[in-house]
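Below is one structure, written out as structure tokens, with a few remarks after it.
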Amino acid sequence: MNMLRLQALVRKEFQQFIKDKRLLPIIFVLPILQLTFLGFAASLDVKNIVFVLADMDKSSESREFIRSFTNSGYFTMGYTTEDYNTVRTYLDNSQATMAVIIPPQFGAKVLRRESVDVQVIFDGSEGNSTAIASGYAMQIINRYSQEVLTEIVGDVRRLGGVTTETRAWYNPTLVSRVFMVPGVLVLILLITTTNLTAMAIVKEKEIGTLEQLLVTPLRPIELIVGKLIPFTIIGLIIVTVALLVMVFGFGIPVRGSLLLLYAFNGAFLMTSLGLGLFVSTISKTQQQAMMVGMFFVMMPMMYISGFVFPVENMPVALQWVSHAIPMKYYLVAIRSIILKGAGLSELWFEGVMLVVMGIAVLAASVLRFREKID
Amino acid sequence: MNAIEVRGLTKRFGQFTAVDHIDFDVKQGEIFGFLGANGAGKSTTIRMLCGLLSSTEGTARVGGFDINTDPHSVKQSIGYMSQKFSLYEDLTVEENIDFFGRVYGITESALKERKAWVLDIANLHGREKSITGTLSGGWKQRLALGCAVLHRPRIVFLDEPTSGVDPVMRRKFWELINELSADGVTVLVTTHFLEEAEYCNDIILINAGKIIASGSPKELKRDHIKHPILEVHCSDVVRAMERIEEEPWAVETSIFGTTIHVNVENEQQGRDAITSLLHRNGITVNGIERITPSLEDVFIYLLEHGGGKG
Ligand SMILES: Nc1ncnc2c1ncn2[C@@H]1O[C@H](COP(=O)(O)OP(=O)(O)OP(=O)(O)O)[C@@H](O)[C@H]1O
Ligand SMILES: [Mg+2]
């Protein structure tokens, strides 16, 4: 790679950016609008919520109670523990999104028709799932208490029953927006950068300037990196605008390290821009690039990453596919950093995945780049 | 050594053969003209020689480098001006020059001097900050030529550099091409204007992907025009041409502006035949004279007779 040639390319891109009247709205207006609209987006359906059970009673009544959860079709018992404190570990590691804690004497109290407190705890950083799951949990518990009590005394109204106390950690107010906004931020970054880069090379192909570039000593890697650098900077500006709207417009603070957040932004940009450039190198026309970018990059990223449908709701096959979707890792990382204040020790795996995929995609673009025009 | 050597070069797009086994040599420092009608295969050939298109068959050496096995070395030694304007229309004149200069690795100090030269030849001094897209055709073309030779390549490919350029500008353009050639640069140029072909040292004429004639302008006229050409000045040119064309003694007939050129077997018999034919048809003959053939006569003759059409 020749640095002077690379520098010439990057400088040229910026000279073009400055003169492009559409770029300013894309960088500043679009993120603000999208964030405002999508930030208030509706909640979504949830299935197969994995929960951890701490049954400190172990009576036939407590087992019956749990069965009403597992039979509902919404909940899967992933883990059991004896200890109130270990519950936290399961939630922290995102192994479970919900914990059900049954106190000692549960069965006895139910039989004595006294009221019992069952604790249901949610991982609030999975906001949209949490809100829905807690709704389901309430319903199930209400129904259970009605059934039990009806069985015993025939009349519910006069008596106490099982009451639940739900708590959401990490997202105490349980506003779905708090959960949605970081996701939307990710989406904005995905859409704008993929769109811009998918056009980048094919546009030069269409207007004919690529033909002039290809007779110069420029190498494919210089061309790809020369496009990558300016678009990374644009992507970082977009994400900064979106973050400012999030913090000051929605009042959602970044709990974790800003440095780590930007490191992940950078890593994700490498893959999303890389995919855009790849699309651009294989397309013949801008139209084609737009379609390919839409169907093969943006749609999978949106639908299989956990942005629209939680990954745990997907068919198993799609869950497997989701492992290959960079946005899944980025989404987890961004939400964890912003909402939980997670650090690199919790997110190193996501980081490694993003970097590896980024390098792979860029390498593919360089290799696939044709130095001929036929 | 020849600057360019082409052997059996062929390009097929699917079933269609755009360039069909062509061979030619271009000598160092000459102006080599590449002529042919629309779709003859000129641009396709040039693109293969620049390493932009892969060849289906055959080889070529440009500046001593094989276009198939060493396209990068080819690119280092050539300059290319494509038929379609392909500088950045959204950049300024200066930004375009700077960009291509830097991509070719010209040092900043040398670039300053080369930039002044390009602005000179393109007559764009004072318009460095103009957006390239706003320039008119002739200026754009000269800027494109400047950018193509910015890095002082030894071989330059110019694909219809004078299309869309007015006659005065065109003359200037050819002065530039001559200067390049005088400096020892080999210039391969395609054109639609047959009078421009007269400025070339050597020419090839291609039709439907095949070479149908080659040589210097002088050789072409000597070798291919065996018949005398009569220029007929008369009243109803179109009708006159239609009548003459039907006659067996008219080898070749074509309209040149307000006159008709007729190739005949024998000068005197031809004069008599034309006069009496047009007279019978009520067309006034104002004069008939024998002319020395132009390249245009040669090419029209070749395209109608000599050249195998595919
Ligand atoms: N990429 C391509 N795919 C298919 N056919 C092509 C392609 N490029 C050129 N052709 C065809 O090859 C033939 C030769 O084209 P070429 O551009 O070389 O002609 P040309 O001599 O340069 O003509 P012009 O004077 O119009 O520029 C034309 O019939 C053209 O349609
Ligand atoms: Mg052409």
Side-chain angles (χ1 to χ4, degrees), chain A residues 1-24 26 196 199-227 229-230 281 284-286 366-374, chain B residues 11-14 18 43-44 46-56 62 67-68 71-92 94-96 98-108 111 131-133 144 147-148 150-151 153 156-157 159:
Chain A
M1 203 164 13
N2 178 309
M3 282 307 146
L4 289 174
R5 288 202 292 256
L6 190 61
Q7 221 181 330
L9 265 176
V10 172
R11 189 194 296 226
K12 180 218 90 184
E13 290 294 331
F14 276 110
Q15 287 167 343
Q16 288 183 302
F17 284 162
I18 289 167
K19 297 186 182 71
D20 188 349
K21 301 222 165 17
R22 292 163 313 160
L23 201 65
L24 233 56
I26 290 179
L196 284 175
M199 297 303 139
I201 289 171
V202 74
K203 189 167 130 213
E204 295 217 21
K205 218 180 274 182
E206 261 188 15
I207 58 177
T209 49
L210 190 68
E211 192 164 325
Q212 201 65 51
L213 283 187
L214 289 179
V215 293
T216 70
L218 275 170
R219 300 284 173 143
I221 186 163
E222 291 159 0
L223 262 170
I224 297 286
V225 177
K227 292 278 181 191
I229 293 173
T281 55
K284 284 210 159 57
T285 61
Q286 297 196 52
V366 173
L367 291 177
R368 187 61 187 71
F369 187 83
R370 302 272 290 112
E371 285 180 90
K372 307 266 182 198
I373 52 174
D374 55 348
Chain B
K11 180 70 191 180
R12 274 188 280 274
F13 296 109
S43 298
T44 306
I46 287 194
R47 283 172 166 167
M48 283 193 281
L49 295 179
C50 291
L52 282 171
L53 278 179
S54 51
S55 63
T56 313
V62 174
I67 58 161
N68 294 320
H72 281 287
S73 300
V74 170
K75 286 176 187 179
Q76 298 275 5
S77 37
I78 62 162
Y80 168 59
M81 178 178 164
S82 67
Q83 181 170 354
K84 185 167 172 254
F85 182 73
S86 57
L87 300 184
Y88 292 94
E89 304 235 6
D90 51 346
L91 294 186
T92 65
E94 189 174 30
E95 285 166 345
N96 264 309
D98 286 343
F99 172 66
F100 284 102
R102 289 181 180 126
V103 161
Y104 276 108
I106 300 174
T107 60
E108 292 299 311
L111 184 57
I131 298 295
T132 308
C147 287
L150 203 52
H151 57 296
V156 180
F157 295 92
D159 198 354

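Letters go in sequence order (proteins before strands), and every chain restarts at 1.
- Qualifying salt bridge (Lys or Arg N to Asp or Glu O under 4.0 Å) partners for A:K372, counting only residues two or more places apart in sequence or in other chains: none.
- For the residue pair A:E211/B:Y80, the side-chain donor-acceptor check at 3.5 Å is satisfied.
- For B:F157, no part lies under 4.5 angstrom from a heavy atom of chain A.
- Atoms CD and CG, on B:E108 and A:L4 in that order, are 8.5 Å from each other to the nearest 0.5 Å.
- The residues A:E13 and A:K227 are annotated as salt-bridged, a charged nitrogen and a carboxylate oxygen being separated by less than 4.0 angstrom.
- A side-chain N or O of B:Q83 and one of B:S43 form a donor-acceptor pair less than 3.5 Å apart.
- For chain B, the option among A:K12, A:R370, A:Q7, A:R5 with the highest count of heavy-atom pairs below 4.5 Å is A:K12.
- Most heavy-atom pairs under 4.5 Å with chain A: of the set B:C147, B:G51, B:G101, this distinction falls to B:G51.
- Residues of residues 199-207 of chain A that come within less than 4.5 angstrom of chain B, heavy atom to heavy atom, are A:E204, A:E206, A:I207 in numerical order.
- In plain terms, the two heavy atoms of A:T209 and B:S86 that are nearest each other are CG2-O, 3.6 Å.
- Contact check on A:E371 versus A:R219 returns no salt bridge, with no Lys/Arg side-chain nitrogen under 4.0 Å from an Asp/Glu carboxylate oxygen.
- Heavy atoms of A:K19 lying under 4.5 Å from chain B belong exclusively to its side chain.
- Distance check: B:T92 OG1 to B:F99 CZ gives 13.0 Å after rounding to the nearest 0.5 Å.
- Scanning all heavy atoms of the two residues, the minimum distance from A:G226 to A:V10 falls at O-CG2, 3.9 Å.
- Heavy atoms closer than 4.5 Å to chain B are found in the side chain of A:R11, but not in its backbone.
- Proximity to chain B (any heavy atom under 4.5 Å) is shown, for A:L9, by both the backbone and the side chain.
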